[in-house]
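Presented below is the structure to which this report refers.
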There are 2 protein chains.
Amino acid sequence: MATMRQVAARAGVSAKTVSRVVNNDPHVLPETRTRVTEALRELRYVPNALARTFRAGGAPVLGVAVPDIADPFFALVAKAVEDVAAAHDTSVVVSSLGYDPERERGALESLLRRPLSGLVVAPTSPDQGHLARWTARMPVVFVDRPPRGLEADTITGDDHGGARMATAHLIGHGHRHIAFVGDSPQVPTTADRLAGHRAALAEAGLVARDELVAFRDSDDAAPGRLVQRLARSSPPPTAVLSADARTTMALVPELAGTSWAVVAFGDFPMADMLSPALTVVDQDPAALGRLAAERVVERLGAPEGSALRRTVLPVRLVERQSCRAEAHAAGLFPFSAPELDTSVSRVEPPGGAASRRCPDASA
Amino acid sequence: MATMRQVAARAGVSAKTVSRVVNNDPHVLPETRTRVTEALRELRYVPNALARTFRAGGAPVLGVAVPDIADPFFALVAKAVEDVAAAHDTSVVVSSLGYDPERERGALESLLRRPLSGLVVAPTSPDQGHLARWTARMPVVFVDRPPRGLEADTITGDDHGGARMATAHLIGHGHRHIAFVGDSPQVPTTADRLAGHRAALAEAGLVARDELVAFRDSDDAAPGRLVQRLARSSPPPTAVLSADARTTMALVPELAGTSWAVVAFGDFPMADMLSPALTVVDQDPAALGRLAAERVVERLGAPEGSALRRTVLPVRLVERQSCRAEAHAAGLFPFSAPELDTSVSRVEPPGGAASRRCPDASA
DNA sequence: GGCGCGCATGTCATCGGTGTCATGGCGTCT
DNA sequence: AGACGCCATGACACCGATGACATGCGCGCC
């Protein structure tokens, strides 16, 4: 914990000279340098990074706040942010917010008490109005989920379009009774996906049956129960759209007992190794994180920058096996459903959708 | 970007009074307070967190450096560290080091240039001697992998014991030719697991066949090739021990074409949903991270603390299906192997091994 | 009326490193 | 020889907030 001045005193020089030695300034006599170096070693001097940083006017630090850093989706988001940050010599402070709105606020505020230059946040709480105080001071970009009670830059996946595509895909396989299972209708992401699902049903002239929609935050939320309840409805579904990866992971074990076709929103490691391999709507979390971080960096560079933007990233349907359980296998259709699928080719262009942005929609 | 003095000038008071208002010091006349508050708002004053922190002598910040934050294993480690940190009002800076030794060093050094109070690191490079400079200044705890070229606190899983147990388990199922696949023999973790594997073979009086050991960092490392090469050996293996989760994930698709039994080192999400469900040696990454973070916090509290410790956490065998492919299914044994398995009950005590520590071994 | 106390506010120093400029010695060029 | 310039080094200010202590006013009490 020795300071530069202490070292200076010991070496019989001024603090400035010590500074020069520490920073390899060539304008120091070899003999002086030796003396200082020795004092440095004797006192085990290590420069105080904080003082340096402070003097330098602050180093860039990017905050990443996600519900759970151990969730593969958010881990990929965080990693992408980190990659961008590293390329700009910026460090990254992460904070797991959890899924409890009150904890979220507390965690965010203690994160924001630190010296941050920008923030990428994926909130779950119903209101982020309290962040207004900070959006003035630093770039705050919302990722995966839009802010509520606040205007801010946003990078999200195409929830509505993705769910619509997924459901249309199942309809293309002949399914007429398609369940929807998600975490909570409060989460805007889930709400959008449900809307997309319903839009696809409507476009196909199918009725949206409320009893085929289930949420894991409801009273009777054990995954097994949810599946049982869906199976008991009449007619029972022949397919299910799982609205997010956490839900999917909870659901997969229960689905083994059914012959339902499945499309899941959100890819995850090993989804292709399940039996059957899961057909998923992939959101490209890395692109989400990368764009969010780049947006922050951009705003850092151009202080009173441009208007706020909401970017929606295309999603892509990764067709594997789980959507193939044909509707007639459940005895409802005497024929194999024709392949009506226009959605895949429509939304997944050859170049790989993930690398392109949708045109921005300015607010 | 307004400073306190600017606000003070505007409000016609001293900076100190502004400070008092900002910090809710009661000794300020209501009228003054109002004037200051107004100036505060007009200038959009936000306290400079860095200056505050600096003046306060620094806030605790814990660094976490892992090869890849998006790897489920390290994500869990990081999350556990974060939880501990949050409980101590400490923020967490993460850095993904990558798997390239040179990049690792660069990333570590740029992480350490920041004001950190402690570090939890899982290195992959063959030498961390360059960290010696920092271990003097702050607690550095190695997690999952021990340091090389340096002495430091270490929290690791019981690699040797776990691999020995896994191989013994396979032997118990009647297997006599057991392959070992890992990332690289350079990684101490992998080396220890290979040693454990060999120890189990030796204990059972089996020969360790070098051609049944394969690494992904070798020349011909595509997982498909590795599996083919193993299958071509004679006699071919009837079981395989995968030495780490990344290897396992790469291997699983290739293993589908074989009837080999599998035990994998390292659990991961959905491992239980594969077909067959993977039998794994679970390392409890959360406990690893938690203990490492607690060790750092502890050392932070007791500056010139106790001797350096190496803690080895027990691992536990999670028996699922993939170890059940009996040896005779490959036509090598005319009888169903007797269940010799003592290893499971020996190493997985009722209370759950993960919650206990092995006695520390002082260095 | 004088003494003292409480309260609002200000001044100054400080955290630790570093940028800016000053100083003084010595070598060199004309 | 005088002027100039380079070099090693130092003194001092400063980044921005805040703790310690000082000042000065007003009020109450003996």
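Quick caveat: nothing in here was measured; it's all calculated off a predicted structure. Lettering of chains follows the sequences in order, A, B, ..., and the numbering in each one begins at 1.
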Between [X] and [Y], is there a side-chain N and carboxylate O pair less than 4.0 Å apart?
{"X": "Lys79(A)", "Y": "Asp68(B)", "answer": "yes"}
{"X": "Arg133(A)", "Y": "Glu109(A)", "answer": "no"}
{"X": "Asp153(B)", "Y": "Arg299(B)", "answer": "yes"}

Would you tell me if any nitrogen or oxygen in the side chain of [X] comes within less than 4.0 Å of OP1 or OP2 on [N]?
{"X": "Thr17(A)", "N": "dG10(D)", "value": "yes"}
{"X": "Ser19(B)", "N": "dT18(D)", "value": "yes"}
{"X": "His27(B)", "N": "dA8(C)", "value": "yes"}
{"X": "Asn23(B)", "N": "dT18(D)", "value": "yes"}
{"X": "Tyr45(A)", "N": "dG17(C)", "value": "yes"}
{"X": "Arg5(B)", "N": "dA17(D)", "value": "no"}

Please figure out whether Met4(A) or Arg20(A) has its closest DNA chain C nucleotide nearer the 5' end.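 Looking at DNA chain C, the more 5' nearest nucleotide goes with Met4(A).
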
Base dG19(D) paired with Lys16(B) side chain (donor-acceptor, <3.5 Å):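 Check passes, donor-acceptor contact within cut-off.
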
Measure from the side-chain heavy atoms of [X] and tell me the nearest of [options].
{"X": "Leu29(A)", "options": "dG16(D), dA8(D), dC14(D)", "value": "dA8(D)"}
{"X": "Ala15(B)", "options": "dT9(C), dT18(D), dG19(C)", "value": "dT18(D)"}
{"X": "Arg52(A)", "options": "dT9(C), dA17(D), dT18(C)", "value": "dT18(C)"}
{"X": "Thr32(A)", "options": "dT9(D), dG17(C), dT18(C)", "value": "dT9(D)"}
{"X": "Arg55(A)", "options": "dG16(D), dT9(C), dG17(C)", "value": "dG17(C)"}

